[in-house]
Amino acid sequence: MDYVSRVELVVRNYSEFRFLVEDMLNMLEFESRLRNGKRYIKLDCRCKVVFIGDVHGDYYTLLNIFEKIGALDILKNGGRIVFLGDYVDRGDEQIRTVAFIAMLKRDWGDRVVLLRGNHEPPPNLMPSPHDFPYRLVEAYGFANGEELYSVFQKVFASMPLVLYMPKRLVAFHGGPPVTRLLAYNNVDSILDVEEKDFEEVLWSDPSDDVEEYEFNFVRGAGLIWGEKVTDMLLKKLGVFLVVRGHEPCNGYMFKHRKKVLTLFSMKGYYGNSYAGALVVDSEKLLDLDSTQILSYVEKSIVVV
C-alpha cells in the first residue's frame, strides 16, 4: 500500500507531520462552513459505505481492515469511509494512525468522514487515559509536541458528531442526544447538537437492562439508554439502525434487538481477538424493510 511508505516518511519529520495535520484541519473547517457549522452530516449517497469503530492507535489492525474490505477501491469508486471516533490514546502507534487518517482525509475529502469520539475531547470532558499529548512530546520534543497538540485540539473541535443517512441509519460515537430527542421532533433540531449535548453523544452506552435512560455511573459521564429511547430515535429520524463505537467488544455487538450495532476496531488491548467493521451498499438499504435491513447488516460485518 502506497500509504504505508508515505506514512513512514511523514511521521519522521515534524514539519511534514504538522503540515499534514494542518491540511486535515483546513479540510474539516471548510466542510463545517459548508454545513453552516452544524455538527451533523447528512449523507444521502447511493454508494458503498464503510463504518470503522474505535481504532485507538492500532495502526496495523486498521491497515488489515482496509486491505480485507478493499477500502481504497471503495473510495475510488465513489464510496465513503466513516470513522466513529477514538483515533488516539492507549495504542502503540497513535501517530502513524492519525497520519494515515489525515492522509485519507486530505486525499479523499468528504468521502472520508471523521466523527468525534470521547478521546478527541473537549477540555471539560477529558478521558482517562489521555496519553496522546505525551506521545507527541516523546516523538517531537516538548515544544513541538505542545504546539502539535494545540493544533489537534482544533482538529477535534472541527469534527462532526453525527452522520445521518435518511431512511437508513444514524451513526455517532457513544449515544444519541437524549435531551434534544425528548424536546424536539424534527431531524435538524435533534441532530444539530450544541456543546451542552456533547457528553450524551460522546460518552453514552446502550443497555438491554434499562427501559429509558439513567446516568452512566460506570463511566462517570453520559447516559445509559434503553430500547425505548432507541425506538423513539429511529421513529423521529425515520431510520432503522444505530451504528456506534465507544464500547470494547470482540469486533462488534448488537443491543436492543439488533437495532443498535457497536463496532470496535482495535484488537487485543481489551483481550478481544477480533476487530470489526461494517460495509454496506446504501442503495440496497433503501430497498429493504426494517427486518431485512437488520439481517443484511449482520451479514455485512467484517472481522479481522
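Worth saying up front: this structure is predicted, and the values here are computed from it rather than measured.
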Problem - Stepwise salt bridge (charged side-chain N to carboxylate O under 4.0 Å, His left out) check, E194 with R39 - result: CA-CA 8 Å; E194 302 173 0; R39 292 188 174 94; over 6 Å; no

Worked verdict on S189 versus N186 for side-chain hydrogen bond (donor to acceptor under 3.5 Å, both in side chains):
CA-CA 6 Å; S189 296; N186 68 82; 3.0 Å; yes

Check your understanding: Do F66 and Y3 pass the ring pair (Phe, Tyr, Trp, His ring centres under 6.0 Å) test, and can you show the C-alpha distance, the side-chain angles, and the key distance before you say yes or no?
Key -> CA-CA 11 Å; F66 261 62; Y3 277 95; 8.0 Å; no

For N118 and H173, what are the C-alpha separation, side-chain angles and deciding distance, and is it a side-chain hydrogen bond (donor to acceptor under 3.5 Å, both in side chains)?
CA-CA 8 Å; N118 66 309; H173 178 70; 2.9 Å; yes

Exercise for the section: Evaluate salt bridge (charged side-chain N to carboxylate O under 4.0 Å, His left out) for D107 paired with R6, printing each intermediate quantity in order. Expected result: CA-CA 12 Å; D107 291 352; R6 289 168 61 193; 3.1 Å; yes

Pair D58, K267 - check side-chain contact (heavy atoms from CB on, under 4.5 Å), show working. CA-CA 7 Å; D58 189 356; K267 186 163 62 175; 3.9 Å; yes

Give the intermediate values and the outcome of side-chain hydrogen bond (donor to acceptor under 3.5 Å, both in side chains) for residues T230 and W225.
CA-CA 8 Å; T230 292; W225 91 89; 2.8 Å; yes

Checklist entry - Hey, mind stepping through R106 and D23 against salt bridge (charged side-chain N to carboxylate O under 4.0 Å, His left out) and telling me if it holds? => result CA-CA 7 Å; R106 185 173 65 183; D23 283 346; 3.1 Å; yes

Run E31 and K105 through side-chain contact (heavy atoms from CB on, under 4.5 Å) and show every step you take. CA-CA 11 Å; E31 291 176 357; K105 186 64 181 173; 2.8 Å; yes

Check: Run the side-chain contact (heavy atoms from CB on, under 4.5 Å) check on F240 and T291 step by step: do they pass?
Finding: CA-CA 9 Å; F240 298 109; T291 303; over 6 Å; no

Take D131 and R90, measure what salt bridge (charged side-chain N to carboxylate O under 4.0 Å, His left out) needs, and give me the verdict at the end.
-> CA-CA 7 Å; D131 58 326; R90 296 193 173 97; over 6 Å; no

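Around atom CZ of R257, no more than 12 heavy atoms belonging to other residues, nucleotides or ligands sit under 6.0 Å away. Atom CZ of F19 sits in a sparse spot, with 12 or fewer heavy atoms from other residues, nucleotides or ligands closer than 6.0 Å. Surrounding OH of Y134 are at most 12 heavy atoms belonging to other residues, nucleotides or ligands under 6.0 Å away. Annotation for Y184: atom OH does not count as buried by contact number, only 12 or fewer foreign heavy atoms lying within 6.0 Å. In Y14, the OH atom is crowded: over 12 heavy atoms of neighbouring residues, nucleotides or ligands sit closer than 6.0 Å.
Y269 is not listed as a side-chain neighbour of H56, based on a closest heavy-atom distance of 4.5 Å or more. Inter-residue side-chain proximity for E146 and S150 is flagged as unmet; no heavy-atom pair is nearer than 4.5 Å. With a 4.5 Å cut-off on side-chain heavy atoms, V297 and K258 do not count as touching. Counting heavy atoms from C-beta outward, I81 and L75 have side chains that approach closer than 4.5 Å. By the 4.5 Å heavy-atom criterion applied to side chains, Y40 and L163 are not counted as neighbours. For the pair W203/P127, a side-chain contact is recorded, criterion being any heavy-atom separation below 4.5 Å from C-beta on.
Taking every heavy atom of both residues into account, S207 and I224 meet most closely at CB-CG2, 3.4 Å. Of all the heavy atoms in F215 and A221, the pair that sits closest is CZ-N, 3.8 Å. Taking every heavy atom of both residues into account, Y164 and L237 meet most closely at OH-O, 3.1 Å. Heavy-atom minimum distance, A277 versus I65: CB-CG2, 3.9 Å. Between R18 and V151 the shortest heavy-atom distance is NH2-CG2, 4.0 Å. Shown here for R35 and S158, the closest heavy-atom pair between the two residues is NH2-O, 4.3 Å.
Criterion: ILVMFWY side-chain heavy atoms under 4.5 Å apart, direct or through other members. Under it, L114 and V10 are part of a common hydrophobic cluster. Residue M266 is not grouped with residue V303 when hydrophobic side chains (ILVMFWY) are merged at heavy-atom distances under 4.5 angstrom, including chains of intermediate members. In this structure, L286 is not a member of the same hydrophobic cluster as L234, with clusters built from ILVMFWY side-chain heavy atoms closer than 4.5 Å. Under a hydrophobic clustering in which Ile, Leu, Val, Met, Phe, Trp and Tyr are joined whenever their side-chain heavy atoms come within less than 4.5 Å, directly or via other members, V304 and Y274 fall into different clusters. Note: the hydrophobic cluster containing L263 also contains V113 (ILVMFWY, side chain heavy atoms under 4.5 Å, direct or indirect links).
The backbone N or O of G222 lies less than 3.5 Å from a partner atom in the side chain of E199, making a donor-acceptor pair. Side chain of R80 to backbone of V49: no donor-acceptor contact under 3.5 angstrom is found. The backbone N or O of Y87 lies less than 3.5 Å from no partner atom in the side chain of H119, so there is not a single donor-acceptor pair. Remark: side-chain polar atoms of K236 are not paired, donor with acceptor, to backbone N or O of V187 under 3.5 angstrom. Checked by atom type and distance alone, the side chain of S5 pairs as donor or acceptor with a backbone atom of D2 at under 3.5 Å. In this structure, the side chain of R244 engages the main chain of G174 through a donor-acceptor pair within 3.5 Å. Of the possible polar contacts, none joining the D197 side chain to the R180 backbone as a donor-acceptor pair under 3.5 Å is found. In this structure a side-chain-to-backbone donor-acceptor pair under 3.5 Å is present from E200 to V178. Proximity of a side-chain donor or acceptor of S282 to a complementary backbone N or O of K48 within less than 3.5 Å is not detected. Under a 3.5 Å cut-off, the side chain of S300 and the backbone N or O of Y296 do form a donor-acceptor pair.
Ring centroids of F264 and Y270 are separated by less than 6.0 Å, placing the two rings close together. The distance between the ring centers of F152 and F132 falls below 6.0 angstrom.
The CE atom of M232 sits 9.5 Å away from the CD1 atom of I190 when rounded to the nearest 0.5 Å. Here the straight-line distance linking atom OG of S204 with atom NE2 of H246 works out to 7.0 Å at 0.5 Å rounding.
For the pair R33 and F30, the cation-pi test (distance below 6.0 Å, angle within 45°) is failed.
Classification of K255 and E227 as a salt-bridged pair fails, no side-chain N sitting under 4.0 Å from a carboxylate O.
Below 30°, between 30° and 60°, or above 60°: for Y252 and F254 the angle between ring planes is above 60°, a perpendicular geometry.
Contacts classified as salt bridge (Lys or Arg N to Asp or Glu O under 4.0 Å) and involving residues 277-290 (residues at least two apart or in different chains) are given here: R46-E283.
Of the options T262, L261, L169, L233, a side chain to side chain contact (heavy atoms under 4.5 Å, CB included) to V242 is made by L233 and by none of the others. D89 pairs in a side chain to side chain contact (heavy atoms under 4.5 Å, CB included) with only one of the listed residues (R135, E120, H130), which is H130.
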